[in-house]
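Since the structure comes first, as structure tokens, the remarks are kept for the end.
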Amino acid sequence: MTSPTRLLPVLSALAGVLLIAGCASSGPGAQNPSGSTSPSSQPSQGSGDADFDATILDGGRMFAVISYGSSSQACVPQVGEVSAQGQVVSVVLEDTAPADTVCTADYAPRASIGALPEGVDPTKEITLDVTYGDIVDDVDLDGDAAFAGAPGTPTDYLPSAGWIDDGSLVLLTWGSSSCPPVVESVDGAGAAGTVTFVTDDSKVCTMDMAPRGTLIAFPEDQVDDDAFMLTLVGGGLDATVPVRG
């Protein structure tokens, strides 16, 4: 078994601020299911039985695990210890917010971003064994010959995206951890979609370069998951991104 590894150094910039788009905006397409906004004084520790979703990002270097709980930014679980034995990757999600953190009482999907250990081959099938509190589940991910980034190598800081469910995807972008992308609108049909982000040049942002995971949903009966191209507009994120998975 490889030695346990922590996230790439750049991930340390998150330090409790890993986010999903729903935490930053309730704009169309951002997955932030409405629910009770009554605060809870405790971070949302995983318990009971639940399923995780996951996808591979950053050309095969990184992954996103989707858990469910409070959508409050500080209450999103962080990826802790990650280790691998062959193509089986063990991932521990941790609640890192202080015990007195106030979390909303909604039940929303949250994206936790981690780095695949060196030696894992993203072109072949990968199994993520995920532990979050009392929840233990595994997610099988298909390999993709198009992944050109080897785990453990430096990122190129380009946006990437992967499907997590029918019509739902995780978009990985890089930038200030204090200024996450805010979805303004989502439009898509067939094998193409467009996400427009709010542009706010007046906001003061930290100067770090952190990964930001944004959950985006299209009506599953309107888009084709195969060969899907996602166009990003606004928010300094203008690009066209193929969606893997």
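Treat the numbers as computed from the prediction; the structure is a model and nothing was measured.
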Report yes or no: does S112 contribute a side-chain atom to a donor-acceptor pair with the main-chain N or O of P77 at less than 3.5 Å? yes

Joint cluster assignment, I135 & L128, ILVMFWY side-chain distance < 4.5 Å: yes

Counting only N and O atoms by type, is there a donor-acceptor contact under 3.5 Å from the side chain of Q78 to the main-chain atoms of V76? yes

Rounded to the nearest 0.5 Å, how far does CD1 of I56 lie from CG of L116? 4.5 Å

CG of D53 to CG of L169, rounded to nearest 0.5 Å, is 12.5 Å

From CA spacing to verdict: side chain to side chain contact (heavy atoms under 4.5 Å, CB included), F63, V82: CA-CA 11 Å; F63 63 86; V82 181; 4.3 Å; yes

Would you call the rings of Y132 and F52 parallel, tilted or perpendicular, where under 30° means parallel and over 60° means perpendicular? tilted

Are R244 and F147 side-chain neighbours, meaning at least one heavy-atom pair lies under 4.5 Å? yes

So V89 and I126, side chain to side chain contact (heavy atoms under 4.5 Å, CB included) or not? Walk me through it. CA-CA 7 Å; V89 179; I126 296 171; 4.0 Å; yes

Please name the pair of heavy atoms, one in C75 and one in T101, separated by the smallest distance, quoted to 0.1 Å. SG-CG2, 3.9 Å

Smallest heavy-atom separation, S83 atom then P117 atom, equals C-CG, 4.1 Å

Rounded to the nearest 0.5 Å, what separation is found between the CE atom of M209 and the OG1 atom of T155? 9.5 Å

Please determine whether residues M229 and V186 belong to a single hydrophobic cluster, defined as Ile, Leu, Val, Met, Phe, Trp and Tyr linked transitively by side-chain heavy-atom distances below 4.5 Å. no

Could you go step by step and tell me if D208 and S177 meet the side-chain hydrogen bond (donor to acceptor under 3.5 Å, both in side chains) rule? CA-CA 7 Å; D208 57 337; S177 60; 2.5 Å; yes

With clusters defined by side-chain heavy atoms of hydrophobic residues (ILVMFWY) lying less than 4.5 Å apart, directly or transitively, does V183 cluster with W163? yes

Working to the nearest 0.5 angstrom, can you tell me the gap between D129 CG and Q85 CD? 10.0 Å

Is it true that a side-chain atom of S176 and a backbone atom of S178 form a donor plus acceptor pair closer than 3.5 Å? yes

If you look at every heavy atom in L93 and S67, which pair is closest and at what distance? CD1-CB, 4.3 Å

Could you give me the CA-CA distance, side-chain angles and deciding distance for Y68 and D51, then say whether side chain to side chain contact (heavy atoms under 4.5 Å, CB included) is met? CA-CA 9 Å; Y68 293 82; D51 293 330; over 6 Å; no

Main-chain N/O of G143 paired to T123 side chain as donor or acceptor, under 3.5 Å: no

Short side-chain to backbone donor-acceptor contact, D58 and G60, under 3.5 Å: no

Heavy-atom nearest pair, P181 first then T173, reads CG-OG1, 3.5 Å

How about F228 and F218: are their ring centres within less than 6.0 Å of each other? yes

Can you measure from CD1 (I66) to CD1 (I164) and round to the nearest 0.5 angstrom? 4.0 Å

Taking S70 for its side chain and T104 for its backbone only, find out whether a donor-acceptor pair lies under 3.5 Å. yes

Checking side chain to side chain contact (heavy atoms under 4.5 Å, CB included) for the pair V91/T131: CA distance, chi angles, key distance, verdict? CA-CA 6 Å; V91 179; T131 300; over 6 Å; no

Should V88 and V136 be counted in the same cluster of Ile, Leu, Val, Met, Phe, Trp and Tyr side chains packed under 4.5 Å apart? no

Polar side chain donor-acceptor pair, T127 to D140, under 3.5 angstrom: yes

For the pair D187 and T194, evaluate side-chain hydrogen bond (donor to acceptor under 3.5 Å, both in side chains) and give the outcome as yes or no after the intermediate values. CA-CA 5 Å; D187 181 57; T194 300; 5.6 Å; no

F197 and L232, any side-chain heavy atoms less than 4.5 Å apart: yes

Taken to the nearest 0.5 Å, the spacing of K124 NZ from Q87 CD works out to 6.5 Å

Are Y157 and M62 co-members of a hydrophobic cluster defined by side-chain heavy atoms under 4.5 Å apart? yes

Heavy-atom check, side chain of L230 versus side chain of V195, under 4.5 Å: yes

What is the minimum heavy-atom distance between L57 and V170, and which atoms define it? CD2-O, 3.8 Å

For P159 and L171 the tightest heavy-atom approach is CB-CD1, 4.4 Å

